J.: 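Please see the structure below; I have some questions.
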Amino acid sequence: MSDAFRTVWWEANALCLIDQRMLPADEIVVRCTSVADVATAIRTMQVRGAPAIGCAAAYAMALEARNGAADEAPAGAAHRLIERLTSAKELLDAQRPTAVNLSWATARVLNRVRRLNDPTPADIARYTLDEAHAILEEDLAMCHAIGRHGVALIPARGHVLTHCNAGGLATAGYGTALAPIRTAHEQGRPVHVYVDETRPFLQGARLTAWELQREGIPLTLITDSMAGYFMRRGEIDCVMVGADRIVANGDVANKIGTYSLAVLAHAHGIPFYIAAPSSTIDGSLPHGDSIPIEYRDPAEVTMLAGRRIAPEGVVAAHPAFDVTPSELVTAIITERGVIYPPYADQLRRMTPG
Ligand code: MRU
């Protein structure tokens, strides 16, 4: 069954997360009871992947409302609680700037309570939690819809290359780029996934390989630098990856290394597909150059599994995402269907309100 593990869930008044830093060796559950706990989990990548951090942040807002409703004295309590939620949103949004699902989710929760007519703190706590549940459920439904629409793009031989982890671990479940692959496998169609290891955080080697193996989907793990070799040998039929932000003209931010793959795919005449829910569309930015790119600690590059791999004192850079121009994107798969270039008008219609 495809949703055999949980990534983000609410249990006993806490947000529970599977600690993605520990996979595949250990399946450890992290229990968050405050907005600070969730902010830390997002920053340290205990939870990661654009839709999953959006879901986690929505629950963080619910935790803040719940904790605040207990703290605030009655006079002006609702007003102060909404101010606390506004500050919580700022804190959460700052943790990972590239994935727009994060600020989309916190804005959605905050707007839900701002629209309430004369709420009590208890109302605010209840509605924030309801909205977080809705965001989680909708994300799962969107991933399944992406699978249904995208399966038609999986070529007959089924050799798909993917990068990073855009699977169940990166979403409420089922995944985005992995959704069409899963659906093809469920339909009994041949599929074989070439999994980029995805330096430096190794989301491919640790997480995508773990997910696919659990599902019995055939895979070959390769290093990022091997993609061109396998493309030139004719072993890759298409590339399918997720997205952290798709802007108005169709440019796409995704895990560092995605742009190189798109250039390679173009050079070899291989289709390059993006799979993402509409919560990843940011119509407010005109093109990819305006997307904020997260720079992470260079130690993630100079160290591997807790051991230094570069000489002491070496300067390293770590942009965690890059931008693929829309000209290199063959199609975008969303929960509403598959869209082809030119993207601008179609994306405008899908941009969340
Ligand atoms: O740094 P990460 O692991 O959060 O980056 C994740 C990605 O780049 C994914 O491809 C993207 O978020 C889409 S996940 C469905």
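Whatever order the structure lists them in is the order used to number ligands and atoms, beginning at 1. The shown structure was predicted, so the numbers you read here are calculated from the model rather than taken from an experiment.
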J.: With nothing but distance in play, are any N or O atoms of A166 less than 3.5 Å from an N or O of ligand 1?
T.: no
J.: At the 4.0 Å heavy-atom cut-off, does A99 count as touching ligand 1?
T.: no
J.: Compute whether any side-chain donor of one residue and acceptor of the other, for N67 and R84, lie under 3.5 angstrom apart.
T.: no
J.: Once rounded to the nearest 0.5 Å, what's the spacing between atom OG1 of T7 and atom CG of L169?
T.: 4.5 Å
J.: Number the atoms of ligand 1 from 1 as they appear, then name those within less than 4.0 Å of a heavy atom of N254, with their elements.
T.: 7 (C), 8 (O), 9 (C), 10 (O), 11 (C)
J.: Give a yes-or-no answer on whether the side chains of T198 and D196 include a donor-acceptor pair shorter than 3.5 Å.
T.: no
J.: Give the atoms of ligand 1, by number and element, whose distance to some non-hydrogen atom of R96 is under 4.0 Å.
T.: 1 (O), 2 (P), 4 (O)
J.: Yes or no: does A320 have any heavy atom under 4.0 Å from an atom of ligand 1?
T.: no
J.: List for me each residue that meets ring pair (Phe, Tyr, Trp, His ring centres under 6.0 Å) alongside H185, sequence neighbours excluded, and say none if there are none.
T.: none
J.: Please say yes or no: joined through hydrophobic side-chain contacts below 4.5 Å, possibly via intermediate residues, are I42 and F201 part of one cluster?
T.: no
J.: Checking a contact table here: which protein heavy atom is nearest atom 13 (C) of ligand 1, and how many Å away?
T.: A243 O, 3.3 Å
J.: Do any heavy atoms of F321 fall under 4.0 Å from ligand 1?
T.: yes
J.: If you count the atoms of ligand 1 from 1 in the order shown, which ones are under 4.0 Å from a heavy atom of T171?
T.: 15 (C)
J.: For atom 15 (C) of ligand 1, what's the nearest protein heavy atom and its distance?
T.: T176 OG1, 3.0 Å
J.: With heavy-atom distances below 4.0 Å as the criterion, list the atoms of ligand 1 near Q203.
T.: 1 (O), 2 (P), 3 (O)
J.: Side-chain donor-acceptor pair under 3.5 Å between D244 and T98, yes or no?
T.: no
J.: Less than 3.5 Å between some nitrogen or oxygen of N165 and one of ligand 1, yes or no?
T.: no
J.: List the closest protein heavy-atom neighbour of atom 7 (C) of ligand 1: residue, atom name, distance to the nearest 0.1 Å.
T.: D244 OD1, 3.2 Å
J.: Could you check atom 12 (O) of ligand 1 against the protein and tell me its nearest heavy-atom contact, residue, atom and distance included?
T.: A50 N, 2.9 Å
J.: If hydrogens are left out, which of R48, E294, H163, K255 has an atom nearest to atom 1 (O) of ligand 1, that is, the closest non-hydrogen atom?
T.: K255
J.: With heavy atoms of A170 as the reference, note each atom of ligand 1 found under 4.0 Å away.
T.: 14 (S), 15 (C)
J.: Please determine if R206 forms a cation-pi arrangement with W210, meaning its NZ or CZ atom is less than 6.0 Å from the six-membered ring centre and no more than 45° off the ring axis.
T.: no
J.: Is a side-chain donor-acceptor pair under 3.5 Å present for H159 with D237?
T.: no
J.: I'd like to check the salt bridge (Lys or Arg N to Asp or Glu O under 4.0 Å) partners of R66; sequence neighbours left out, ordered by chain and number.
T.: none
J.: Any side-chain donor paired with an acceptor under 3.5 Å for D37 and T40?
T.: no
J.: Does V241 come within less than 4.0 Å of ligand 1, judged by its heavy atoms?
T.: no
